[in-house]
Amino acid sequence: MSSDADLHALRHSASHIMAQAVRKLFPNVKLGIGPAIEDGFYYDFKTGTPFTTDDLKKIETEMKSIIKSKEAFERFELSYGEAKEFLAKQNEPLKLELLEDHRDETISFYRNGDFTDLCAGPHLEHTGQLKAFKLLSVAGAYWRGDEKNEMLQRIYGTAFATKDDLQAYLTQLEEAEKRDHRKLGAELDLFSIHHKEAGPGLIYWHPRGSIVRRVIEDFWKNTHEDHGYQLVYTPHLVKVDMWKTSGHYQMQYPMYFTEIDGDEYGVKPMNCPGHIMIYKTQTRSYRDLPIRQAEMGTVYRHEKSGVLHGMLRVRGFTQDDAHVFCTPAQLLDEMLGILGLIDTILGTFGFQYQAYLSTRPEKSVGSDENWEMATNALREALDKKGLPYIEDPGEGVFYGPKIDFKIKDAIGRTWQLSTVQVDFNLPERFDMRFIDSDGEQKHPVMIHRAIFGSFERFMGILIEHFAGAFPIWCAPEQAIVIPIADRHLDYCKEVAKKIRAAGLRAVVDERNEKLGYKIRSAQKQKIPYMLVAGDKEVEEGRVSVRTRAEGDQGAAPVQEVIDAILAQVREFK
RNA sequence: GCCAACGUAGCUCAGUAGGUUAGAGCGUAUCCUUGGUAAGGAUAAGGUCACCGGUUCGAAUCCGGUCGUUGGCUCCA
């Protein structure tokens, strides 16, 4: 029954009812727009004094009384002229502005009780059908989404068909809050940000977070070398001449600049020009191609202060970047290779993903033939891999088509992660060449690609996805050895030493506390294996095994436990 | 960058009609305790109440500014 369309109508009606309530409580507000959105609805208002949280409660109460009176939603139509007159009379300047986009159309309105709004619909039959809603937050929003326009006050709310659905949604919000990587990052001692002393948007990786990162980096490097990539390093500081050649300087890319010996330098916001420098050190033959260069390149971008968010949106971050330089004829094979690599790496973390193909935008560089050739190669690669994809027409970058990948995390949120972009622009700007089999000099095709996007962002996503309980293979500590009393400490140290000798990560809880306390503490740290040793275990050369997920598993010989953990690590469990 | 809310110990939070030495829990340190699967006990240390300025006899509390955080908007090659 409650299809997407029904839910949409429900929420849209909720936004009308909210606007009606706001109108009643604050007669001077002017109406902006009020659509249904993915998780609810909002309405924008022009008002002299911003709304407060207390106002939300009052508005909710008012809404409930409108719902109680079961006002019917009635549709009626006016000509453009009549509509204009009507809205002028209502004194709704913003609505009048919207009307201008519909000059040659019949204009539809919806009326319920004393409230009438310019609206395409559809709506509920009457206000009494809104059973479950909640107002969530107040925010500023530019009129018509343009930062040059004035800022309106937006109220967000959500509505569902049933109270249970609403409650489930609110519970999910709470669950997301519990998993917040900023909270878990501090609790699990993974990273910190020192906004005041060291600057916002810059991440400090603690020892425990660094282990996770290092293990993933090693995996990433090995996998790339297996796939024919060469690892490189390039400088962070580059003279602006290079950013002028790349075009970033002219387009005022948000970079950091400094002056050295009278020359202007920029901190790199991306790695591609560096890789191009390496390419250009030799005359390349078609026989040398494809060249695949990979770098975990740390870049800095001057992001606006308001967009910074934990590890997910920062000013300094490390891209798992790579560039492939190839001939047009090699493009398909290279794309196939990249799609396979993405599948391997994302699959290791257990992520399902969805591909999106973005085609040529209105403003673009490059010839028609190139765009067609590249777009076809991307399509063909996706088809050959049997990868279903959604096409985003016109959403490509100005320099070439791209494929993006979005993953779904443990609580159903989607994150844009990997991206693969064909580039016709930079090879020309940097005059990159190779000598083809016909003896002619040609520009290679360049592919930019990142799988995690950035380590910082990926780490943030991983923390939230796993709720801090990292898979055994990349967990900061794989095992903690817990003595029951002080006299078992030496034995526990021996056990930890053996585990480490096997290439695993283990620590000993040496604190003078009871077993229950240490278990609780290890459990909170989400350590996969807790190995307990008392008199019995010492005597038998065993440890009692407790896993963070399954609890007490009983005693086992130390070597057996080590083998079991090793087996899981090998399988990236 | 824009709109709004917020900023008290390492963490989570009390504390305002402006009035001596600003509180609690967790965590930390020391001592007692040597305990068998999610918190044993005692004592102690720890705060320029974000910062700067103003109002006042007196400011954590009121006002202004700055910085930062949060939720949005814009942006996100």
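Scope of the values below: all heavy atoms of this structure, side chains included, with no hydrogens, waters or symmetry mates.
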Nearest-angstrom distance from the residue atom [atom1] of [X] to [atom2] of [N]:
X	N	atom1	atom2	value
A/Asp486	B/U34	CG	P	10 Å
A/His206	B/G10	NE2	P	15 Å
A/Ile276	B/A77	CD1	C1'	13 Å
A/Lys183	B/C11	NZ	P	15 Å
A/Lys518	B/A39	NZ	C1'	14 Å
A/Met530	B/G36	CE	C1'	15 Å
A/Leu152	B/U74	CG	C1'	13 Å
A/Arg154	B/C3	CZ	C1'	11 Å

Checklist entry - Using the benzene-type ring in the case of Trp, are the ring centres of A/Tyr353 and A/Phe405 under 6.0 Å apart? => result yes
Report yes or no: is there a donor-acceptor pair, N or O only, under 3.5 Å between the side chain of [X] and the base of [N]?
X	N	result
A/Tyr142	B/G72	no
A/Glu537	B/G36	yes
A/Arg457	B/C76	no

Given [options], the nucleotide with the shortest approach to the side chain of [X]:
X	options	value
A/Ile519	B/G35, B/U37, B/C73	B/U37
A/Lys514	B/A77, B/G36, B/G35	B/G35
A/Val397	B/A39, B/C75, B/A77	B/A77
A/Pro50	B/A4, B/G1, B/A77	B/A4
A/Arg487	B/A38, B/C73, B/G35	B/G35

Item to check | Listed partners of A/Asp431 passing side chain to side chain donor-acceptor pair (under 3.5 Å), at least two apart | outcome: A/Arg433
Checklist entry - What residues form a side chain to side chain donor-acceptor pair (under 3.5 Å) with A/Tyr249, not counting sequence neighbours? => result A/Glu264
If we take the [atom1] atom in both [N] and [M], what is their distance in whole Å?
N	M	atom1	result
B/U12	B/U55	P	35 Å
B/A60	B/A22	P	10 Å
B/U28	B/G46	C1'	9 Å
B/U20	B/G58	C1'	12 Å
B/U8	B/G15	P	13 Å
B/G65	B/G47	C1'	25 Å
B/A50	B/C11	P	13 Å

[X] with [Y]: basic N within carboxylate O range, under 4.0 Å:
X	Y	answer
A/Arg179	A/Asp409	no
A/Arg313	A/Glu303	yes
A/Lys244	A/Asp241	no

Which part of the nucleic acid does [X] contact within heavy-atom distance under 4.0 Å: base, sugar-phosphate only, or nothing?
X	value
A/Asp535	base
A/Gly306	base
A/Lys536	base
A/Gly534	base
A/Ala485	base
A/Gln319	nothing
A/Arg546	base
A/Ser544	base

Item to check | Interatomic distance, A/Met530 atom CE to A/Asp552 atom CG [nearest 0.5 angstrom] | outcome: 10.0 Å
Checklist entry - So what stems show up for RNA chain B if we need 3 or more Watson-Crick or G-U pairs in a row, all under 3.5 Å? => result B:1-7 with B:67-73, B:10-13 with B:23-26, B:28-32 with B:40-44, B:50-54 with B:62-66
Check: residues 133-144 of chain A side-chain donor-acceptor pairs under 3.5 Å, at least two apart:
residue: A/Trp143; atom: NE1; partner: A/Glu97; partner atom: OE1; Å: 3.2
residue: A/Trp143; atom: NE1; partner: A/Glu97; partner atom: OE2; Å: 3.1
residue: A/Arg144; atom: NH2; partner: A/Asp101; partner atom: OD2; Å: 2.7

Checklist entry - Do you know which of A/Phe317, A/Phe452, A/Trp415 makes side chain to side chain contact (heavy atoms under 4.5 Å, CB included) with A/Arg457? => result A/Trp415
Name all residues meeting the side-chain contact (heavy atoms from CB on, under 4.5 Å) criterion together with [X]; count only those two or more places apart in sequence or in a different chain, and write none if there are none.
X	answer
A/Gln568	A/Ile472, A/Tyr529, A/Lys573
A/Ala176	A/Ile411, A/Arg413
A/Arg379	A/Leu357, A/Thr359, A/Thr375, A/Asn376, A/Tyr389, A/Glu391
A/Tyr204	A/Ser192, A/His194, A/Ala198

Next on the checklist: Whether A/Tyr156 contacts B/C73 is assessed here as follows: a side-chain N or O lying under 4.0 Å from the phosphate OP1 or OP2. Is that the case?
Outcome noted: yes
Checklist entry - Could you walk me through whether A/Ile33 and A/Tyr42 pass the side chain to side chain contact (heavy atoms under 4.5 Å, CB included) check? => result CA-CA 8 Å; A/Ile33 56 167; A/Tyr42 68 79; 3.9 Å; yes
Item to check | A/Glu464 and A/His181: side chain donor to acceptor below 3.5 Å | outcome: yes
What nitrogen or oxygen pairs link the protein and nucleotides 65-70 of chain B at under 3.5 Å?
residue: B/U70; atom: OP1; partner: A/Arg182; partner atom: NH1; Å: 2.8

For nucleotides 24-29 of chain B, print each protein N/O atom paired with a nucleotide N/O atom at under 3.5 Å, atom names and distance only.
residue: B/G27; atom: OP1; partner: A/Tyr517; partner atom: OH; Å: 2.8

Checklist entry - Does A/Phe351 have any ring pair (Phe, Tyr, Trp, His ring centres under 6.0 Å) partners at least two apart in sequence or in another chain, and if so, which? => result A/His465
Next on the checklist: If you assign each of A/Phe398 and A/Gly516 to its closest nucleotide in RNA chain B, which residue comes earlier from the 5' end?
Outcome noted: A/Gly516
Review item, nucleotides 46-48 of chain B N/O atoms under 3.5 Å of protein N/O:
none

Next on the checklist: With heavy-atom distances below 4.5 Å as the criterion, would you say the side chains of A/Arg542 and A/Val558 are in contact?
Outcome noted: no
